[in-house]
Amino acid sequence: AQHAIRSALARAISRLGVILLLGCLSACGLYDPWQIRLDAESWTVLDGQGLRLHYKNDDWLLDDPAKAQSYLESGEAFVEMATALFGGISRRIDVYQFSDQEHWNEIIGTFGEAVGAANPHHALGPEPQIFLVGYEDLGHEIIHVMSQGLGQPPPALFYEGLAVTYGGIH
């Protein structure tokens, strides 16, 4: 019985070691667990003061330049609010708006259901990044990036609570 327990414990420790190693490699930008291929898409780019919006020209909501500008401006309002709450960040946030789940899966390299993700630490690029399928989640993800800033993330429940309180619910 002791041998079985030791064996199970050894397997668990070795799996944990692999997970920690992949986490460290990912944090250093040496391993991309999502295999993100942002350059596989021809993005339309709209620059703002605090955001840079990347989207497809044939996006069902952002195909009209006035709507795309309005969407960017609503994101800019969240950046202003978050700056007042948490302080500013020195770089613009790149926002990648995906048309639908299929588009997300093709570029991000996942096969699940997702509405948004934030990468505040620049591991995948020179700027903080937000990846969205749901248009209503822009404020939520901006709060994630701005509340984390360039330091260590706050505790998970607090971190998510800030995004829900100030940016809305997923």
Any side-chain heavy-atom pair of [X] and [Y] under 4.5 Å:
| X | Y | result |
| --- | --- | --- |
| M146 | L85 | no |
| E80 | T83 | no |
| V95 | I93 | yes |
| Q129 | L38 | yes |
| V45 | L53 | no |

Is there a donor-acceptor contact under 3.5 Å linking the side chains of E160 and H140?
->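 Yes, a side-chain donor-acceptor pair sits under 3.5 Å.
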Do you see a donor-acceptor pair shorter than 3.5 Å between the side chains of Y96 and E41?
->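 Looking only at side-chain atoms, E41 and Y96 do not form any donor-acceptor pair under 3.5 Å.
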[X] side, atom [atom1]; [Y] side, atom [atom2] - distance, nearest 0.5 Å:
| X | Y | atom1 | atom2 | result |
| --- | --- | --- | --- | --- |
| F131 | D137 | CZ | CG | 14.5 Å |
| D59 | D64 | CG | CG | 11.5 Å |
| F78 | L51 | CZ | CG | 11.0 Å |
| L72 | Q69 | CG | CD | 5.5 Å |
| I142 | Y166 | CD1 | OH | 15.5 Å |
| L132 | W104 | CG | CH2 | 7.5 Å |

side-chain contact (heavy atoms from CB on, under 4.5 Å) between I143 and M81: does it pass, once the steps are laid out?
-> CA-CA 9 Å; I143 298 298; M81 177 190 65; 3.7 Å; yes
Counting only heavy atoms not in F86, do more than 12 fall under 6.0 Å of its CZ?
->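 Counting neighbours around CZ of F86, more than 12 heavy atoms of other residues, nucleotides or ligands fall under 6.0 Å, so yes.
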Nearest non-hydrogen partners of G50 and V79, listed with the distance =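 Looking at all heavy atoms of both residues, the closest pair is CA-CG1, 4.4 Å.
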Are the side chain of [X] and the backbone of [Y] linked by a donor-acceptor contact shorter than 3.5 Å?
| X | Y | answer |
| --- | --- | --- |
| T165 | L162 | no |
| S70 | A66 | no |
| E76 | Q49 | yes |

Do NZ/NE/NH1/NH2 and the carboxylate oxygens of D47 and R92 come within less than 4.0 Å?
->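 Yes, charged N to carboxylate O under 4.0 Å.
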What is the ring orientation for H54 with W43, classed by angle as parallel under 30°, tilted 30 to 60°, or perpendicular over 60°?
->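 The rings of H54 and W43 stand perpendicular, inter-plane angle above 60°.
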With Q97, the side chain to side chain contact (heavy atoms under 4.5 Å, CB included) member among L62, I130, T44 =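 For Q97, the side chain to side chain contact (heavy atoms under 4.5 Å, CB included) check succeeds only for L62.
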